[in-house]
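Since the structure comes first, as structure tokens, the remarks are kept for the end.
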Number of protein chains: 2
Amino acid sequence: MNRTPNLLEVAKAAGVSNMTVSRVVNNSGKVSDKTRQKVLKAIKELNYQPNLIARSLARKKTNILGLVVYSEKGVHPAFYNEIINGVQQGASELGYDLLIFANSEKQSYSDRITHSSFVDGVIFMGVKINQNDIKNVHEKGFPYVFVGKREIEGINPYFISPDYIKGTKMATEYLIELGHTRIGLIGQSRMIEPDYDKLLGYQEALYKHNLVYNPQLVFEESQTQLDGYNAMKELLKQKPTAVIINNTYSTIGATTAIKEEGLRIPDDISVIGFDDNQELNEQFNDFIGLELSTIRIPKIDLGRQAAKMTISLLEGNDVSQANFIDLQFIKNSSCKKL
Amino acid sequence: MNRTPNLLEVAKAAGVSNMTVSRVVNNSGKVSDKTRQKVLKAIKELNYQPNLIARSLARKKTNILGLVVYSEKGVHPAFYNEIINGVQQGASELGYDLLIFANSEKQSYSDRITHSSFVDGVIFMGVKINQNDIKNVHEKGFPYVFVGKREIEGINPYFISPDYIKGTKMATEYLIELGHTRIGLIGQSRMIEPDYDKLLGYQEALYKHNLVYNPQLVFEESQTQLDGYNAMKELLKQKPTAVIINNTYSTIGATTAIKEEGLRIPDDISVIGFDDNQELNEQFNDFIGLELSTIRIPKIDLGRQAAKMTISLLEGNDVSQANFIDLQFIKNSSCKKL
DNA sequence: AACAAAAATGTTAACGTTAACATTTTGAAG
DNA sequence: CTTCAAAATGTTAACGTTAACATTTTTGTT
């Protein structure tokens, strides 16, 4: 590795002072055209690139966003990976890079993040978030955003979350407007916030249209294909005319169950899924020849917004604490008018 | 954000010099026990954390690894995400963090990477790698590792790659030893290096056991469920007794085709898949009640090794340029002795 | 008690930028 | 050809650490 030139060497080569070079590099301040050309020439000749570490030290700003993903085995589910890609895009669009903090479950990040001055702000996400980290960062006034929605005792955290309530309500209403009244819901949960919100949205829609909530049409947590399959088998005994299913894997299992019972989509039952795993969703639909209507979680956009929100915060702008991002309803041919 | 204390403030509080504090913080040099205690007390009281930017500038080393993933739409397939997780783990184990470079397809990274001194080394991966980036970095002697295997004109790059040849050979031989001679291969490709290597491994195994290579048993690129399904339908006309399928999606499609034809696994046909998407593979197997024998790509380990290799390089150790990581053959019940 | 060697601690100048202020140059008006 | 403001350029001291070397203190030996 051969040494890289620094500002002063460029300055010397161009016959100007350090600050003139700095001004040219940063396109700030006033520099005459003639001088600028000289400097640019020297920069090019020496192949100068500013040393970002030194710049960060002087500016007290790194233009780097931290990302902490709390996950179980150090492997993030596909769901988070897509959000991360979005975060990266959003950061990049505003001139920031992304520093992924190593995720050892035990370790607490907050001091490392706020004191080491390696990042200007931080984004938290994951199932097993450490509430203390968020609390500490919040209390120190360090810019951060939490992706998701969770009660954190004592504080009102900055967060951005998909609006599952609204999204599910919208989908449910769509079914109601098609004339459905016996609508199943696979995957509610009192424990998992997003799934609980789906239940709330579902209930709100029923309530709004004066339909009675029937717990027999609603099934607990459903994560895997098998969960979805089993739940659907049970649900079908209740003769529903439509069903909303909380994730891609369950949907695959559930539609398999529907087929097995000799029922057709949408003729015998209307189906709406969540495409939390878009790649899989598409693959599956293509293959089965199913054109599933889905509630889409705009994950890339979610990540992008999270990045922009964090940057907005660290730049000192006013940012509201609670932020929601709308789900998209992708209307397709898996639902039928009754 | 309240100011964080620096070394000198700690030094003042402890009544010692900056270097004594530095030595305590870094656990280097000699410090008497009494002094160490004083310093530690001051550090604790002021809640001091070293400023990593300043440290990096002074040490000319950041303890950060760069990661560039070249991908099409800025979204990485599940495959890469798992490797990234592994890279992160490996880096973390050796005290490094991971800086993800924003990935705009157009941009060239090499100068930014080598000159900005934000990273001590860099890892490249992705389908659409920029050969020039790697070439530049290579020629500058900047520590890097490429995850994958690709000819790059004019240089012998540092790389680490799954050994697809060996892995596929192993699986093929396993089938041959079970007595199979009509073994199908779904997903060879002249264009995609890993898939080409799978073909080579397959051929090597046949050759070794004096079996004739029959192109009619071998099918082109197969990425999706539908590809796998179609290929298998065709293949079945050739009456194979076993088949190796190049990725998880194809495998799902292919097994569907097998079922549709009324054949049973392993009684009528033995099947070996690649579980490049492990989560999906498991889900699918659980659901179908299939116990698929698979060739497993140890992605986490691949990433981890890539990180360690890069760090070894940047620490000045001798590292061989070409590195392969063995695939694992997960023996299960989807293959039968003939 | 004197001395050397080892241990402990300290001083100073980098590292490569930028911020803040200082100085010089330019050019237009009188 | 002054004069003065604006424009252009320069100087210096941070930023918070560590490397390299310098000094002081301690310890053991005679």
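Residue numbering restarts at 1 for every chain, and letters A, B, ... go by the order of the sequence lines.
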I need the minimum non-hydrogen distance between A/D326 and A/P298, along with the two atoms involved. O-CG, 3.4 Å
Any side-chain N or O of B/S56 less than 4.0 Å from the OP1 or OP2 oxygen of C/dC15? no
Please report, rounded to the nearest Å, how far the P atom of D/dA13 is from the CE atom of A/M19. 15 Å
Which residue lies more 5' along DNA chain D, comparing A/L57 with A/T20 via nearest heavy atoms: A/T20
A/A54 or B/S17, whichever maps to the more 5' nucleotide of DNA chain C: B/S17
From the set C/dT9, D/dT17, D/dC15, return the single nucleotide nearest to any side-chain atom of A/A58. D/dC15
Assign A/T35 to base, sugar-phosphate, or nothing according to its heavy-atom contacts below 4.0 angstrom with the strands shown. sugar-phosphate
Please report the distance, rounded to the nearest Å, between CG in A/N18 and C1' in C/dA19. 11 Å
Would you say B/Q88 and B/I84 make side-chain contact, with heavy atoms under 4.5 Å? no
Can you check whether A/N26 has a side-chain N or O nearer than 4.0 Å to OP1 or OP2 of C/dT18? yes
Using a cut-off of strictly less than 4.0 Å, decide whether A/S22 has a side-chain nitrogen or oxygen near OP1 or OP2 of C/dT18. yes
What is the distance, to the nearest angstrom, from the NZ atom on A/K30 to the C1' atom on D/dA7? 6 Å
Quick check on D/dT26: is either OP1 or OP2 less than 4.0 Å from any side-chain nitrogen or oxygen of B/S32? no
Assign B/L8 to base, sugar-phosphate, or nothing according to its heavy-atom contacts below 4.0 angstrom with the strands shown. base
Considering all heavy atoms, the nearest A/K308-A/G90 contact: CE-O, 4.2 Å
Could you work out which one of C/dT18, C/dT9, D/dT17 sits closest to the side chain of B/Y48? D/dT17
Rounding to an integer number of Å, can you tell me how far A/K60 NZ sits from D/dG16 P? 4 Å
On a heavy-atom basis, the closest approach of B/P162 and B/L302 is CG-CD2, 3.9 Å
Let me know the distance between NZ of A/K38 and P of D/dA8, rounded to the nearest Å. 14 Å
When the distance from CD of A/Q49 to P of C/dG16 is rounded to whole Å, what number comes out? 15 Å
Say you draw a straight line from CD1 of A/I134 to CD1 of A/I155; how long is it, rounded to the nearest 0.5 Å? 7.0 Å
For A/N51 and C/dC15, give me the distance from atom CG to atom P, rounded to whole Å. 11 Å
Would you mind reading off the distance between B/I53 atom CD1 and C/dT18 atom P, rounded to a whole angstrom? 14 Å
